[in-house]
Amino acid sequence: MNQATLILIKPDGLKKSLTGNILTRLSETKLEIVAAKIVRVSDELARKHYYHLKDKPFFEDLIKYIKGEFHGRRKVMALVYWGESAIEKCRALAGATNPEEAEATTIRGAYGRITTSGVYENVIHVSANEAEAEREIKLWFQPDEIIVDLYPTKEIIEKEKKVRVWA
Ligand code: IDP
Ligand code: MG
């Protein structure tokens, strides 16, 4: 069954110049990239993305981590991969959440680490299931940024919305 999954290359992955390596590993899946962009992660976006972990002791450090506060630049690379069993295939390549427990051949096993202050720098995010993928993809992308129709859309007219344009 075709599925979509959100992939984030986290700030440590970008800082360590691992983008190419990670995309090469993901290309083994033969899935299709249907959306991609570099995102400046706001506090609101970070907290919405990880809201299910808000009661964990590591939550505030996790928010700082995904916002790039430990790596000098507030950015992640966000992609949507699409195809047969996309979630399972990408999660398998990513490896276990704890990078010290992840198999050495997985992305997290090869490139992740736990810092001395206990932050799991595990390089990549992959949605865990279809419901989570839908919630996350809708959080990170607008419909027109994705080149396939994943979820129902509607058209609205937005009035008096302040936007930035080239000067
Ligand atoms: P996942 O990323 O493998 O789906 P989740 O349980 O959804 O794992 O956790 C989200 C992120 O929170 C992890 O990728 C990792 O960055 C961080 N995290 C999870 N558990 C811990 C922990 O026990 N200590 C520190 N960070 C953690
Ligand atoms: Mg998760």
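For ligands, and for the atoms within them, numbers begin at 1 and follow the listed sequence. We count residues from 1, following the sequence as given. All figures in this text were calculated on a predicted structure; none of them were measured in a lab.
For ligand 1, the polar-atom distance check finds an N/O of T97 within less than 3.5 Å of one of the ligand's N/O atoms. Of the polar atoms of R108, at least one N or O is found under 3.5 Å from an N or O of ligand 1, judged by distance alone. Backbone and side-chain nitrogen or oxygen atoms of R91 are examined, and one is located within less than 3.5 angstrom of a nitrogen or oxygen of ligand 1.
Scanning both residues, I66 and K10, for their nearest heavy atoms gives CD1-CG, 3.8 Å. The two residues W140 and L45 come nearest to each other via the heavy atoms CZ3-CD2, 3.6 Å. In this structure, T5 and A133 approach most closely via the heavy-atom pair CA-CB, 4.2 Å. Here the closest heavy-atom approach between residue A36 and residue L79 is recorded as CB-CD2, 3.8 Å.
Relative to atom 14 (O) of ligand 1, the option among V126, N122, N129 with the closest non-hydrogen atom is N122.
Residue contact check for ligand 1: K56 places no non-hydrogen atom closer than 4.0 Å to it. The closest approach between any non-hydrogen atom of A128 and ligand 1 is not below 4.0 Å.
With hydrogens and angles disregarded, no donor-acceptor distance shorter than 3.5 Å links the side chain of S85 to the backbone of K89.
Nearest protein neighbour of atom 16 (O) of ligand 1, counting heavy atoms only, is K10 NZ, 3.2 Å. When hydrogens are left out, the protein atom nearest atom 23 (O) of ligand 1 is Y120 OH, 3.4 Å; that is the closest non-hydrogen contact. Here the protein heavy atom with the shortest distance to atom 17 (C) of ligand 1 is L62 CD1, 3.7 Å. For atom 20 (N) of ligand 1, the closest heavy atom belonging to the protein is F58 CZ, 3.3 Å.
Cluster annotation: I63 and I124 are assigned to distinct hydrophobic clusters (Ile/Leu/Val/Met/Phe/Trp/Tyr, side-chain heavy-atom contacts under 4.5 Å, transitive). Taking hydrophobic clusters as Ile, Leu, Val, Met, Phe, Trp and Tyr residues chained together by side-chain heavy-atom distances below 4.5 Å, V148 does not share a cluster with L26.
The ligand atoms of ligand 1 that sit less than 4.0 angstrom from a heavy atom of G118 are 25 (C). In summary, the atoms of ligand 1 found under 4.0 Å from a heavy atom of H52, numbered by their order in the structure, are 7 (O). Counting atoms of ligand 1 from 1 in the listed order, those under 4.0 Å from a heavy atom of L53 are 9 (O), 10 (C), 12 (O).
Salt bridge E134/K138: present, at least one basic N to carboxylate O contact under 4.0 Å.
Classification of the H49-H125 ring pair by plane angle, with boundaries at 30° and 60°, yields perpendicular.
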